[in-house]
Asker: 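Below you will find the structure I want to go over with you.
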Amino acid sequence: MPPDAEQTAADLRLTVGRLVRRREASTLPPSTMAVLGRLDRDGPQTVADLATAERVSHQAMTRRVGGLVDAGLAAAAAATPGADRRRKPLELTDAGAATLREQRSLRSTHLARAIEARLSPAEQRTLAAAIPLLERLAEE
């Protein structure tokens, strides 16, 4: 008999949440990483688009984006002809892209060390085999 899907979902949500919130390897807050990652994956976006995607208020995203712009990690994208100038999209700067790569590398290295230290070779294979299943669950 397969495990109870509701319980599996609850356990998975809690465990993945704890895993994602681990901050030992990162020097940037998760909210900053989320915005940098979204700009990297999805390209230039307005503050309103980012706020909607991250499920925060426009005001909160304006503050978050302001910090990224002040730090040189994001900047206003070049205007496209006919675009509403009041809705300026933001994009990653070269420094933002480099910072994102560095942070991702730090997190991956930290996680790889934990996998090697805490999981047996058989458990490591099981974890690797589960990744395609998790990817399917993550599809929108």
Asker: Measure the CZ-CG distance between Arg63 and Leu68 for me, rounded to the nearest 0.5 Å.
Answerer: 13.5 Å
Asker: If we check side-chain contact (heavy atoms from CB on, under 4.5 Å) with Leu73, which of these qualifies: Leu92, Leu100, Asp94, Leu36?
Answerer: Leu36
Asker: Quick check: closest heavy atoms across Ala60 and Ser57, and the distance to 0.1 Å?
Answerer: N-OG, 3.0 Å
Asker: Begin from the C-alpha positions of Val47 and Arg64 and carry the test side chain to side chain contact (heavy atoms under 4.5 Å, CB included) through to its verdict.
Answerer: CA-CA 9 Å; Val47 171; Arg64 197 175 293 172; over 6 Å; no
Asker: Which atoms form the tightest heavy-atom contact between Gly72 and Ala95, and what is the distance?
Answerer: O-CB, 3.7 Å
Asker: Among residues at least two apart in sequence or on other chains, which ones pass side chain to side chain donor-acceptor pair (under 3.5 Å) with Gln7?
Answerer: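 So Gln7 forms a side chain to side chain donor-acceptor pair (under 3.5 Å) with Asp11.
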Asker: Would Arg13 and Val16 count as a side chain to side chain contact (heavy atoms under 4.5 Å, CB included) here? Give the steps.
Answerer: CA-CA 5 Å; Arg13 183 185 55 77; Val16 169; over 6 Å; no
Asker: Does any pair with a residue in residues 96-105 pass salt bridge (charged side-chain N to carboxylate O under 4.0 Å, His left out), and if so which ones, sequence neighbours excluded?
Answerer: Asp40-Arg104
Asker: Are Gln124 and Ser120 close enough that some pair of their side-chain heavy atoms sits under 4.5 Å apart?
Answerer: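 In short, these two side chains do not touch, never coming nearer than 4.5 Å.
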Asker: Heavy-atom count around Arg41 CZ within 6.0 Å, excluding the residue itself: above 12?
Answerer: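 For Arg41, atom CZ is crowded (more than 12 foreign heavy atoms under 6.0 Å).
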Asker: Roughly how far, to the nearest 0.5 Å, is the OG1 atom of Thr52 from the CZ atom of Arg55?
Answerer: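 Reported to 0.5 Å precision, the distance equals 10.0 Å.
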Asker: Examine Ile131 and Ile115 and state if one hydrophobic cluster contains both, with Ile, Leu, Val, Met, Phe, Trp and Tyr joined whenever side-chain heavy atoms are less than 4.5 Å apart.
Answerer: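 No, because Ile131 and Ile115 fall into different hydrophobic clusters, even though each may have its own neighbours under 4.5 Å.
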Asker: For a quick test of reading the model, state the closest non-hydrogen atom pair linking Pro30 to Arg107 and the distance between them.
Answerer: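 Closest approach of Pro30 to Arg107: CA-NH2, 4.4 Å.
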Asker: Would you say Val35 and Leu90 make side-chain contact, with heavy atoms under 4.5 Å?
Answerer: no
Asker: Got a second to check how far Met33's CE is from Leu28's CG, nearest 0.5 Å?
Answerer: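 Here the interatomic distance stands at 6.5 Å.
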Asker: Grouping I, L, V, M, F, W and Y whenever their side-chain heavy atoms are under 4.5 Å apart, do Leu111 and Leu119 come out in a common cluster?
Answerer: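 Looking at the clustering, Leu119 is in the same group as Leu111.
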Asker: Who passes side chain to side chain donor-acceptor pair (under 3.5 Å) against Glu91, sequence neighbours left out?
Answerer: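 Per chain and number, Glu91 pairs via side chain to side chain donor-acceptor pair (under 3.5 Å) with no residue.
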Asker: Under a single-linkage definition using a 4.5 Å side-chain heavy-atom cutoff for Ile, Leu, Val, Met, Phe, Trp and Tyr, are Leu19 and Leu127 assigned to the same hydrophobic cluster?
Answerer: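 Yes: a chain of side-chain contacts under 4.5 Å links Leu19 to Leu127.
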Asker: At what distance, to the nearest 0.5 angstrom, does CG of Leu50 lie from CZ of Arg38?
Answerer: 7.5 Å
Asker: What I'd like to find out is whether the side chain of Lys88 reaches to under 4.5 Å of the side chain of Thr46, using heavy atoms alone.
Answerer: no
